[in-house]
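Written out below as structure tokens is the structure these notes cover.
Numbers here are sequence positions counted from 1.
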Amino acid sequence: QVRLVESGGGLVQPGGSLRLSCAASGFRLDDYAIGWFRQAPGKEREGVSCISSSGGSTYYADSVKGRFTISRDNAKNTLYLQMNSLQPEDTAVYYCYRQGWGRPCGRYYVDTTWGQGTQVTVSS
């Protein structure tokens with residue numbers, strides 16, 4: 001019973017910050033590559049960030065490098081995305097995802113699983 005529940009989204013002004021959380025259950029976070037993608041209306045989904053199962057490697061889309069930071073708390077089985085210097089272009093629904101067993105970060109697979117998402121709106 002894999003479950004991913006995102007939270008922490010909301011309305012923020014340009015230049016502001018948010019921290020998204022993803023509470024995972026049914027599996028150990030440190031057994032899988034875990035990440036975030038986002039999707040805005042009328043646009044295709046965009047991979048935002050990912051962390052390897054070992055925690056030794058992290059990946060970021062060019063559009064968020066230097067502004068977003070992915071992390072996890074293995075004890076709490078929770079994934080985070082710290083988002084700073086938010087811009088209107090960051091407005092989207094953000095989804096936490098888990099790769100299938102043994103899958104690396106980098107792209108989506110047939111067994112990639114994600115939650116219901118949390119809305120982030122950046123507007124003045």
Side-chain angles (χ1 to χ4, degrees):
Q1 299 183 32
V2 175
R3 190 181 183 197
L4 300 167
V5 181
E6 301 93 334
S7 63
L11 175 64
V12 64
Q13 294 184 335
S17 298
L18 287 172
R19 187 180 72 166
L20 306 184
S21 298
C22 174
S25 60
F27 67 98
R28 287 180 58 89
L29 218 61
D30 59 353
D31 281 339
Y32 297 85
I34 302 291
W36 298 87
F37 72 88
R38 64 187 181 185
Q39 189 162 31
K43 298 178 66 177
E44 62 184 12
R45 67 183 181 183
E46 176 189 19
V48 175
S49 186
C50 186
I51 185 169
S52 64
S53 59
S54 69
S57 299
T58 57
Y59 305 87
Y60 297 94
D62 289 341
S63 58
V64 306
K65 284 181 179 178
R67 300 188 297 120
F68 291 9
T69 303
I70 191 170
S71 63
R72 71 187 190 199
D73 186 329
N74 291 335
K76 296 182 178 180
N77 223 42
T78 300
L79 179 74
Y80 302 97
L81 184 68
Q82 179 66 47
M83 306 186 295
N84 298 327
S85 301
L86 285 163
Q87 304 166 16
E89 307 90 84
D90 296 315
T91 296
V93 178
Y94 284 70
Y95 298 86
C96 169
Y97 71 87
R98 187 205 79 175
Q99 299 286 49
W101 181 260
R103 306 286 198 186
C105 290
R107 69 176 183 88
Y108 298 108
Y109 296 87
V110 67
D111 51 359
T112 300
T113 303
W114 59 89
Q116 293 184 335
T118 184
Q119 176 72 48
V120 172
T121 303
V122 185
S123 176
S124 60

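Y97 and I70 end up in different hydrophobic clusters when Ile, Leu, Val, Met, Phe, Trp and Tyr side chains are linked at under 4.5 Å. The hydrophobic clustering, which links ILVMFWY residues whose side-chain heavy atoms are closer than 4.5 Å, places L4 and Y80 apart. Hydrophobic clustering keeps V93 apart from V12 (ILVMFWY residues linked when any side-chain heavy atoms are closer than 4.5 Å, directly or through intermediates).
Rounding to the nearest 0.5 Å places CZ of R98 at 11.0 Å from SG of C22.
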request  = For D30 and R72, run salt bridge (charged side-chain N to carboxylate O under 4.0 Å, His left out): C-alpha distance rounded to whole Å, both residues' side-chain angles, the deciding distance at 0.1 Å, then the answer.
outcome  = CA-CA 9 Å; D30 59 353; R72 71 187 190 199; 5.4 Å; no
message = Set out, in order, the CA-CA distance, both residues' side-chain angles and the distance that settles side chain to side chain contact (heavy atoms under 4.5 Å, CB included) for S49 and L81, then state yes or no.
response = CA-CA 8 Å; S49 186; L81 184 68; 4.3 Å; yes
request  = Go through the steps to decide whether S54 and S52 satisfy the test side-chain hydrogen bond (donor to acceptor under 3.5 Å, both in side chains), and finish with yes or no.
outcome  = CA-CA 5 Å; S54 69; S52 64; 3.3 Å; yes
message = Could you go through S17 and Q82, starting from their C-alpha distance and side-chain angles, then the distance that decides it, and tell me whether this counts as side chain to side chain contact (heavy atoms under 4.5 Å, CB included)?
response = CA-CA 8 Å; S17 298; Q82 179 66 47; 4.0 Å; yes
request  = Evaluate the criterion side chain to side chain contact (heavy atoms under 4.5 Å, CB included) for residue pair F68 and V48; output intermediate values, then yes/no.
outcome  = CA-CA 9 Å; F68 291 9; V48 175; 3.7 Å; yes
task = Under the side chain to side chain contact (heavy atoms under 4.5 Å, CB included) rule, what do R103 and T112 come out as? Steps first, then yes or no, please.
result = CA-CA 9 Å; R103 306 286 198 186; T112 300; over 6 Å; no
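Contact between I34 and C96 at its shortest, heavy atoms only, is CG2-SG, 4.3 Å. Taking each heavy atom of S124 and P14 in turn, the nearest pair found is N-CD, 3.7 Å. Residues E6 and Q116 share a closest heavy-atom pair of OE1-N, 3.2 Å. Scanning both residues, G8 and T118, for their nearest heavy atoms gives N-OG1, 4.1 Å.
For Q99 (side chain) and P104 (main-chain N/O), a donor-acceptor pair under 3.5 Å exists by modelled atom type. Here the side chain of T78 pairs a donor or acceptor atom with the backbone of K76 at under 3.5 angstrom. In this structure a side-chain-to-backbone donor-acceptor pair under 3.5 Å is present from N77 to A24. With hydrogens and angles disregarded, no donor-acceptor distance shorter than 3.5 Å links the side chain of S85 to the backbone of G15.
In this structure V120 satisfies the side-chain contact (heavy atoms from CB on, under 4.5 Å) test together with L18, L20, M83, Y94, V122, sequence neighbours excluded. Residues passing the salt bridge (Lys or Arg N to Asp or Glu O under 4.0 Å) test with R38, sequence neighbours excluded: E46, D90.
Listed by first and then second residue, the ring-ring contact (aromatic ring centres under 6.0 Å, His included) pairs involving residues 2-57 are F27-Y32, Y32-W101, F37-Y95, F37-Y108, F37-W114 (not counting sequence neighbours).
Side-chain contact between I51 and Y59 is absent, with no heavy atoms from C-beta onward closer than 4.5 Å.
Judged purely by distance below 3.5 Å, without hydrogens or angles, the side chains of S53 and D31 never pair a donor atom with an acceptor atom.
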